[in-house]
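When reading the values below, keep in mind they use all heavy atoms of this one structure, side chains included, and skip hydrogens, waters and symmetry mates. Labels below follow one simple rule: chain letters A, B, ... track the order of the sequence lines, proteins then strands, and each chain is numbered from 1.
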Amino acid sequence: MNRRRALIALTMLLAGAAFLSGCSSSSSTRSAKIFQTPPWAGPESYTYQLSRRDEPDAGLCVLETAPNFEPGNTKISRLCGKEPYRDDGTATVDAATLAPVQTVRTFVDGKNNRTNVFTSDYADGQVTFTADLSGKVRRATRDLPKPTKDSPDPGWYDDESLLWLARGITLRSGYTGYYTYVINAGQPRIVGVEVLVEPPEQVTVPAGTFEAWKVRVHKDTSNYYIWVERTSPNRVIQAQIEDITYKLAAAN
Amino acid sequence: MSAIIDLRSDTVSKPSDAMRRAMAEAEVGDDVFGDDPTVNRLEAMAAERAGKEAAVYVPSGTMANLISVMTHTQPGDEILLGDHCHIFNYEVAGAPRLAGVQTHPLPNLPGGGLDPAAVETAIREPNIHTPRNPLLCLENTHNRCGGAAVPLAEMDALTALAHGRGLAVHLDGARIFNAAAALGVTAARVARDCDTVSFCLSKGLGCPVGSLVCGPKEFIALARRNRKMLGGGMRQAGILAAAGIYALEHNIDRIHEDHENAALLAEGLGRHEVFHVRRPQTNIVVADIVRGTLAGWLQAFRREGVLAVAFGPARMRLVTHLNISRGDIEDALGRIARTAGAVPA
């Protein structure tokens with residue numbers, strides 16, 4: 001049972017849709033490019049403790065940033081796991097805009113020798129979702145938002161970049177932005193979300209006490225919260241995403 | 001005679017005046033043509049609530065599950081499901097008869113889940129002799145397991161296992177909003193890793209009729225065809241869908257009150273040594289009869305104006321819902337106390 005629970009803890013957004021999906025109803029149809037500028041000046045690596053309501057120790061997660069790892073692109077990595085289970089996500093994004101190029105999410109169940117890989121490829125106004133479920137491959141393609149009167153320059157960001165996106169938006173109390181959120185885990189979807197910056201709070205985590213902006217991401221009928229350090233380099237201090245809590249443990 | 005306190009099911013709840021007004025004022029069209037704006041809005045809201053891409057409105061929970069099974073499978077397939085689940089016990093064997101699938105029941109754990117090892121063992125290796133296993137069905141909350149809210153960790157483990165072996169997962173979430181309230185998460189989180197989910201509007205949400213099937217848009221397109229084949233295509237259904245919209249907007253946040261009332265009811269019943277009562281997790285109270293007969297107790301309750309249903313040879317079920325207040329529970333306990341001293345034959 002403990003193994004099973006550990007598996008769950010490490011699969012924060014785990015996966016496995018036998019059917020792949022895409023665009024849908026959304027919290028908002030408005031969409032814009034809300035990422036302003038990267039707050040990271042060089043390579044980064046931060047470690048987080050994970051917990052959930054019924055599981056105080058749900059493992060560790062390392063967030064790594066490799067700016068310009070190839071010309072014009074940055075590589076971001078979310079490496080979460082407690083052996084023999086891994087839930088790792090990596091994304092290649094535009095170094096300046098965070099626009100996604102490709103994301104790969106790999107879930108490994110080392111105990112049962114199973115690997116599920118979810119890939120999102122962005123090109124020509126479309127995203128192609130591929131799920132490789134222990135060798136069984138399914139694909140689906142969806143259109144990304146096109147310019148409209150309300151959203152003349154729509155912006156979309158991959159689920160894997162959420163903890164980086166929050167660091168690069170306009171961090172000012174009362175800021176509200178809208179973008180299109182692309183998810184390729186569980187069941188792939190494209191959904192409009194609203195982002196709000198609430199007043200700063202003092203947040204205490206294992207790495208210390210920080211003054212942090214509280215960024216609220218409203219998706220469907222729920223909210224994610226990301227506390228972003230008030231000062232440069234605007235690290236994520238804490239995050240509450242679905243039932244998982246991230247707390248900054250150390251800056252490596 | 002005091003007013004009847006009807007605890008047989010949350011399906012006995014009646015639409016409120018405000019819900020009836022919404023129904024009367026609904027804008028309608030022909031939904032089979034996709035022209036009913038109120039149905040379309042309900043389906044969009046349902047998909048959003050369930051965290052899925054699309055949804056289709058159907059007349060009942062039984063049809064929702066049948067359509068889901070039918071859409072996930074081919075005749076001759078075998079589906080895995082719990083031996084206490086609603087699909088296996090209370091849907092008139094529609095899955096084998098109408099979807100043409102073989103049902104393979106696995107022992108439900110007391111908390112409503114399934115043992116992953118049992119699921120693993122049950123999945124057949126493909127060969128010329130065996131049926132395909134394209135689908136695992138889960139239920140949350142789990143009715144026959146006393147309204148148990150299956151923990152997310154168990155749900156996640158089962159969906160991961162199923163997907164890793166190439167099975168899709170359908171969640172019978174007839175009472176998914178009760179599960180979400182009990183687990184402290186959204187319904188979308190409960191259903192997150194399930195490929196499809198169905199939920200009922202006519203239970204804790206207080207609608208007169210209706211369920212939704214939610215999932216990927218390709219799946220829902222096929223489900224819509226299967227709905228039509230089963231006679232579930234409705235025309236000016238916006239009148240009914242308006243009740244669903246009202247319920248999604250007004251009747252979800254209050255569900256915890258039903259859980260609190262169920263806890264109060266269980267506590268009060270448990271004070272009588274003739275009943276053995278398990279602490280409810282949601283809005284379903286299950287009481288085992290220690291002395292006397294079930295029929296006798298149900299009759300005695302009825303004489304006092306308290307309605308419950310049989311839930312096994314010596315077990316009764318009582319369900320709280322939005323037409324039952326805390327005062328009603330206190331009143332019901334008072335009436336039950338008058339009969340509990342005497343053991344019915």
Side-chain angles (χ1 to χ4, degrees), chain A residues 1-27 52-55 58 85 87 107-109 112-116 118 129 131 133-136 138 140 142 183 185-192 219-223 241-244, chain B residues 40-41 43-55 71-72 115-117 120 134-136 151-170 180 183-197 214-220 222 248 252:
Chain A
M1 181 62 187
N2 287 340
R3 288 295 187 192
R4 192 170 65 201
R5 291 170 63 81
L7 178 149
I8 301 320
L10 302 177
T11 56
M12 123 188 127
L13 287 170
L14 169 68
F19 286 86
L20 295 176
S21 60
C23 323
S24 163
S25 58
S26 61
S27 304
R52 54 196 296 168
R53 192 169 83 159
D54 57 352
E55 190 173 20
Y85 304 102
D87 176 15
F107 170 71
V108 178
D109 173 358
N112 294 301
N113 197 27
R114 291 200 193 104
T115 301
N116 293 338
F118 301 87
F129 300 112
L133 306 175
S134 295
K136 193 170 184 177
R138 293 173 187 270
R142 294 291 187 271
I183 307 164
Q187 208 171 83
R189 294 177 70 209
I190 299 178
V191 61
K219 178 172 81 67
D220 293 330
T221 54
S222 61
N223 292 312
I241 298 177
E242 291 188 332
D243 52 333
I244 293 278
Chain B
N40 292 343
R41 185 172 168 227
E43 290 176 344
M45 289 176 70
E48 185 176 68
R49 287 276 182 179
K52 303 300 180 194
E53 188 174 23
T71 309
H72 275 293
D115 179 355
E120 182 91 58
L135 183 65
L136 170 68
L152 296 175
E154 293 187 28
M155 292 282 296
D156 292 353
L158 289 166
T159 53
L161 166 62
H163 291 143
R165 294 293 302 272
L167 280 70
V169 179
H170 171 67
L183 296 169
V185 296
T186 62
R189 172 61 187 92
V190 176
R192 186 186 69 191
D193 296 328
C194 299
D195 301 276
T196 56
V197 57
C214 309
K217 69 179 184 183
E218 295 92 341
F219 181 94
I220 294 302
L222 292 173
L248 292 180
I252 290 177

Under the side chain to side chain donor-acceptor pair (under 3.5 Å) test, which residues partner B:Arg41, sequence neighbours left out?
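Counting only residues at least two positions away or on another chain, B:Arg41 forms a side chain to side chain donor-acceptor pair (under 3.5 Å) with B:Glu249.
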Could you list the residues that satisfy side chain to side chain donor-acceptor pair (under 3.5 Å) with A:Asn223, not counting sequence neighbours?
A:His218
Can you see which heavy atom on B:Glu53 is nearest to which on A:Arg142, and at what distance?
OE2-NE, 3.1 Å
Salt-bridge present (A:Arg114, B:Glu120; N to O < 4.0 Å):
yes
Taking B:Cys194, B:Gly184, B:Ala187, B:Ala188 one by one, which has the highest count of heavy-atom pairs under 4.5 Å against chain A?
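Option with the top pair count is B:Gly184.
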Taking atom [atom1] of [X] and atom [atom2] of [Y], what is their separation to the nearest 0.5 Å?
X	Y	atom1	atom2	result
A:Lys219	B:Thr186	NZ	OG1	7.5 Å
B:Arg189	A:Asp243	CZ	CG	4.0 Å
B:Asp156	A:Arg52	CG	CZ	5.5 Å

Report the C-alpha distance between A:Glu242 and B:Val185 in whole Å, list the side-chain angles of each, state the deciding distance to 0.1 Å, and finish with yes or no for side-chain contact (heavy atoms from CB on, under 4.5 Å).
CA-CA 8 Å; A:Glu242 291 188 332; B:Val185 296; over 6 Å; no
